[in-house]
Amino acid sequence: MTWQAHLFASVVAITSLLVIARSLRRRELKASYAVLWLSLGTGMAVLAAFPRLLDWVSLRLGITYGPTTLFLLAISFLVLLAVHYSKELSRLEERTRILAEEVALLRARWDHDTDRT
Amino acid sequence: MSGDNRTIVLIPAFNEEAALPAVLKELAEEAPGLDVLVIDDGSQDRTTAAARKAGALVAELPFNLGVGGALRTGFRFALQEGYDRAVQLDGDGQHDPSEIVHLLAALDAGADMVIGSRFADRDGGYVVGRARGGAMRLLRLVVHALAGRYFTDTSSGFRAFGPDAIRLFSVTFPAEYLSDSVEALLLATYAGLSVEEVPVAMRERAGGIPSTRNLRLAYHYMRLLTVIAFTASRRPATEE
């Protein structure tokens, strides 16, 4: 790895960690997501600091071209994350629906009661 | 809220301002003494005002939830207010209120859920297009395989529900289009409820626009079949 690439990777990793840390301090992230993103940022930082690590892992997995491992991991991570978000979204939608139904029924009863008086 | 037999008619209505007054009027004439709840499913027109003017109770949803969501709202209301029986009726005039007595009679005979079928017909009056007819046939076969019995009209929206069905559907009623009829039928069967079919005559819709066109219909059928397949694999099919 050339020193330019090393520098670039380090800058990217450190920037990511900083962005995550800032969101955390401003409480824009729920704790469970913060842990997730922090571990990802740390992983990036570690790889940026020790690029040989990737080659070592690839060798163990029987992958000859190092970057493939990185892509594989990154894509799996993103896909799993998308699935998780779909689940979360479904849950939120269901809750919104229930709230909408309850609002409608409360309003119906209120209308009915005010009619009678 | 009058009515002594604790039966409520649930009418999901989405932009039915034009057809609704006539439906409610006919309902009051043909099936007097029933409480009526119109669920305005986020209409842009004056559906709520029209229903209220005709003397119905109205639950006005803040945004569109689809027929299934509107119905679940109705079941929730029926449960909270202690109704024993609920009748689902379309707001577009497709269903003849004078048929309600037949549905209720089947409930009294012991069924938990009664479907008004267009095809178990006395005089075969209802005709559907070829594509839609084919899709309906396919659904009938799938439902037959999963429910262990044959239903002539799986997608009918003219139905009656007993107390057990009301309780079940107030929490688990499927919300999406088409699921509200077919999936609900399967859910009831899986839950061990007895589902009966009663022949009813249906008419052309009096107003409003049909809820869906061909391509979207195809998508909804695909989605429905997928969902049915996966939920069926989770629950053992009921023995006959």
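Order of the sequence lines sets the chain letters (A, B, ...), proteins ahead of strands, with each chain counted from 1.
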Novice: Can you give me the closest heavy-atom contact between A/Ala108 and B/Ala59, atom names plus distance?
Specialist: CB-CA, 3.9 Å
Novice: Among B/Ile39, B/Leu65, B/Asp40, single out the residue with the greatest number of heavy-atom pairs under 4.5 Å to chain A.
Specialist: B/Leu65
Novice: With a sphere of 6.0 Å drawn around CZ of B/Phe63, does it hold more than 12 non-hydrogen atoms of other residues, nucleotides or ligands?
Specialist: yes
Novice: At what distance, to the nearest 0.5 angstrom, does CD of B/Glu60 lie from CG of A/Asp111?
Specialist: 8.0 Å
Novice: Would you please go through residues 76-106 of chain A and name the residues with a non-hydrogen atom below 4.5 Å from one of chain B, in numerical order?
Specialist: A/Glu94, A/Thr96, A/Arg97, A/Ile98, A/Ala100, A/Glu101, A/Glu102, A/Ala104, A/Leu105
Novice: About how many Å separate OG1 of B/Thr48 and CZ of A/Arg107, when rounded to the nearest 0.5 Å?
Specialist: 7.5 Å
Novice: For atom CZ of A/Arg22, decide whether the heavy atoms of other residues, nucleotides or ligands shown that lie under 6.0 angstrom number more than 12.
Specialist: no
